[in-house]
**Q** 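I'd like to ask some things about the structure below.
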Number of protein chains: 2
Amino acid sequence: MVQTMADRPYHHGNLRAALLGEAERTLREQGIDALSLRDLARQAGVSHAAPRRHFADRQALLDALAASGFVRLGDEVRAAIDAAGEDYQARLRAVATTYVRFATRDAALLELMFAAKNAGPGAKNAGPGAVNGEPPAALREASERLFGTVGELIRQGQRTDELPAGDPERLLLLLVATLQGIAALTTSGRVRADQTDALIADAVALFTRSQR
Amino acid sequence: MVQTMADRPYHHGNLRAALLGEAERTLREQGIDALSLRDLARQAGVSHAAPRRHFADRQALLDALAASGFVRLGDEVRAAIDAAGEDYQARLRAVATTYVRFATRDAALLELMFAAKNAGPGAKNAGPGAVNGEPPAALREASERLFGTVGELIRQGQRTDELPAGDPERLLLLLVATLQGIAALTTSGRVRADQTDALIADAVALFTRSQR
DNA sequence: ACCTGAACACCGTTCAAGT
DNA sequence: ACCTGAACACCGTTCAAGT
């Protein structure tokens with residue numbers, strides 16, 4: 001018998017998905033500090049130990065949230081590119097706008113997505129078999145898909161001479177860094193919402209105009 | 001009578017400074033999740049309730065850490081500018097390098113500095129007199145000093161035509177966003193340490209070359 | 001195969017009381 | 001003016017046991 005992983009109602013119905021959904025909502029509405037496994041279990045109507053079946057620990061839940069965040073952001077970015085038409089600057093601006101809008105709507109989630117602790121060295125707990133340094137696979141994959149999409153747009157811009165030549169990876173990192181930074185400044189309140197669009201336009205102009 | 005806030009040894013000696021120092025070390029070595037008021041009190045040899053005299057709650061401690069982080073980063077940036085000599089690109093690169101180096105050495109602290117929660121709307125606790133939305137004064141001040149320093153460098157570059165003309169505030173935000181983004185990508189492991197310098201050089205080139 | 005209940009070792013925060 | 005000790009209401013994590 002083949003096992004499908006969706007829609008197999010057992011005690012709860014679909015606890016994993018329910019926990020993730022509720023967690024994303026809590027994250028958006030109340031921030032990461034308000035996110036507790038026990039509370040999530042309570043809202044789902046299960047015992048506080050039940051989530052353990054689906055998430056090894058709190059960090060695993062956070063990683064799953066981050067991964068699904070990358071998937072969603074990637075989808076939105078691809079949709080924005082498609083909707084932007086042929087003009088290259090418009091496409092670039094669409095990506096930037098989508099990115100920053102995501103950041104303002106789901107600030108805590110984006111923070112989670114870019115926290116992605118490498119399980120830093122020097123963990124102090126002397127527990128047995130401390131599994132350190134593992135890169136969560138699903139997260140990495142979802143993140144790379146998004147970077148791939150934007151990377152493709154970069155390469156397109158270089159082909160048509162809208163962007164400066166050079167290592168596309170470096171240009172990609174620089175662009176993502178800029179978007180990430182604008183997002184961080186916006187959500188930390190250092191950039192007002194009504195300044196964001198101007199900042200995005202400046203950034204896009206900087207990348208494209210540096211060509212002339 | 002004027003009150004000085006430093007060096008007045010009481011029971012502990014100088015609990016506030018001791019707590020901050022230990023907190024900064026813990027933050028750097030073990031991350032924010034390992035930072036607990038009770039643990040700090042233990043290391044300082046006082047009861048778990050003693051910190052309450054100096055920090056209203058955990059967030060107040062974090063705000064103080066963030067403020068002192070801005071002071072230190074500001075000092076380092078000013079020193080780097082002074083040491084960089086006359087060449088404008090070199091000065092800009094010095095600022096960027098200092099910024100990103102700070103970010104890699106004190107990743108958790110920088111995150112704290114740019115978290116600066118605005119005490120988001122919709123707090124759920126029904127406590128009396130919920131003091132929301134207050135911007136921590138010392139933090140804001142220290143942050144603005146740093147921005148002022150970099151802003152001055154921007155204006156200098158515009159005067160000498162090394163940077164594009166236009167609203168210096170916007171250019172400042174864009175530059176800080178870029179640095180902040182490079183730092184975020186570096187500490188999240190998406191940029192390897194040996195790529196950072198190239199990325200900084202690219203960024204500086206983008207800002208200065210866009211002039212030609 | 002999935003979930004419960006009790007238990008353990010932690011938290012932050014509060015508050016009367018001490019010196 | 002600064003700190004203690006007990007108390008309260010939470011956590012995450014573990015593990016035997018249930019269905």
Side-chain angles (χ1 to χ4, degrees), chain A residues 1-20 23 26-27 30-65 117 119 123-131, chain B residues 1 3-20 22-23 26-27 30-65 117 119 123-131:
Chain A
M1 258 264 179
V2 175
Q3 301 206 32
T4 60
M5 49 192 332
D7 73 359
R8 195 164 22 117
Y10 27 88
H11 281 198
H12 169 82
N14 199 350
L15 185 53
R16 193 190 139 94
L19 290 170
L20 279 176
T26 302
L27 195 60
Q30 306 184 224
I32 190 158
D33 289 342
L35 201 63
S36 115
L37 285 179
R38 286 179 103 109
D39 203 37
L40 255 23
R42 226 172 275 132
Q43 289 177 253
V46 296
S47 89
H48 66 262
R52 196 69 209 312
R53 277 291 121 189
H54 304 280
F55 302 103
D57 55 22
R58 196 182 121 106
Q59 188 58 48
L61 196 237
L62 298 184
D63 287 345
L65 281 172
K117 345 215 143 221
K124 99 206 265 200
N125 53 355
V131 190
Chain B
M1 255 270 180
Q3 301 207 30
T4 60
M5 49 193 331
D7 74 358
R8 198 163 20 115
Y10 26 86
H11 281 199
H12 168 82
N14 199 350
L15 186 54
R16 192 190 140 94
L19 290 171
L20 278 177
E22 200 55 53
T26 302
L27 194 60
Q30 306 184 222
I32 191 158
D33 289 343
L35 203 63
S36 116
L37 284 178
R38 286 179 104 110
D39 203 37
L40 255 23
R42 228 172 275 132
Q43 289 176 254
V46 297
S47 90
H48 67 261
R52 194 76 208 310
R53 278 291 121 190
H54 304 280
F55 303 102
D57 55 20
R58 195 185 123 107
Q59 189 57 48
L61 198 235
L62 298 184
D63 287 345
L65 281 173
K117 348 214 143 222
K124 99 204 267 200
N125 53 353
V131 190

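The structure displayed is predicted, hence computed values, not measured ones. The chains referred to below are lettered A, B, ... by the order of the sequence lines, with proteins before strands, and numbering in each begins at 1.
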**Q** Find the distance A:H54:NE2 to C:dT4:P and express it as a whole number of Å.
**A** 10 Å
**Q** What distance separates B:R38 CZ from B:S47 OG, expressed to the nearest 0.5 Å?
**A** 9.5 Å
**Q** Atom CZ of A:R42 to atom C1' of D:dC11: distance rounded to whole Å?
**A** 10 Å
**Q** Give me, pair by pair, the N or O atoms of the protein and of nucleotides 12-14 of chain C that are less than 3.5 Å apart, along with how far apart they are.
**A**
residue : atom : partner : partner atom : Å
C:dG12  : OP1  : B:L37   : N            : 3.0
C:dG12  : OP2  : B:L37   : N            : 3.4
C:dG12  : OP2  : B:R38   : N            : 3.1
C:dG12  : N7   : B:R38   : NH1          : 2.5
C:dG12  : O6   : B:R38   : NH1          : 2.8
C:dT13  : OP2  : B:R58   : N            : 3.0
C:dT13  : O4   : B:R38   : NH1          : 3.1
C:dT13  : O4   : B:H48   : NE2          : 3.4
C:dT14  : OP2  : B:R52   : NH2          : 3.0

**Q** Rounded to the Å, how far apart are A:R53 CZ and D:dC15 C1'?
**A** 11 Å
**Q** Keeping A:R42 on the side-chain end and A:V46 on the backbone end, is there a donor-acceptor pair under 3.5 Å?
**A** no
**Q** Go through it in stages, so that I can follow the logic: the residues are B:F55 and B:L65, the test is side-chain contact (heavy atoms from CB on, under 4.5 Å), and I'd like the CA-CA distance, side-chain angles, deciding distance and then a yes or no.
**A** CA-CA 11 Å; B:F55 303 102; B:L65 281 173; over 6 Å; no
**Q** Go through the steps for A:D39 and A:T26 under the test side-chain contact (heavy atoms from CB on, under 4.5 Å), then give the verdict.
**A** CA-CA 10 Å; A:D39 203 37; A:T26 302; 5.7 Å; no
**Q** Nearest whole angstrom, please: distance from the P of D:dC10 to the CG of A:D33.
**A** 16 Å
**Q** NE2 of B:H54 to CG of B:L37: how many Å apart, nearest 0.5 Å?
**A** 12.0 Å
**Q** Between C:dT4, D:dT4, D:dC3, which nucleotide gets closest to the side-chain atoms of A:V46?
**A** C:dT4
**Q** Should B:R53 and B:L15 count as side-chain neighbours, where that means a heavy-atom distance under 4.5 Å?
**A** no
**Q** Dot-bracket for DNA chain C: what is it, with Watson-Crick or G-U pairs under 3.5 Å, [ ] where a pair crosses earlier ones, and | for a pair to another strand?
**A** ||.|||||...|||||.||
**Q** Let me confirm one number: the CG-CG distance from B:L35 to B:L40, rounded to the nearest 0.5 Å.
**A** 5.5 Å
**Q** If you take all heavy atoms of A:R16 and A:A64, which pair is closest and at what distance?
**A** NH2-CB, 4.3 Å
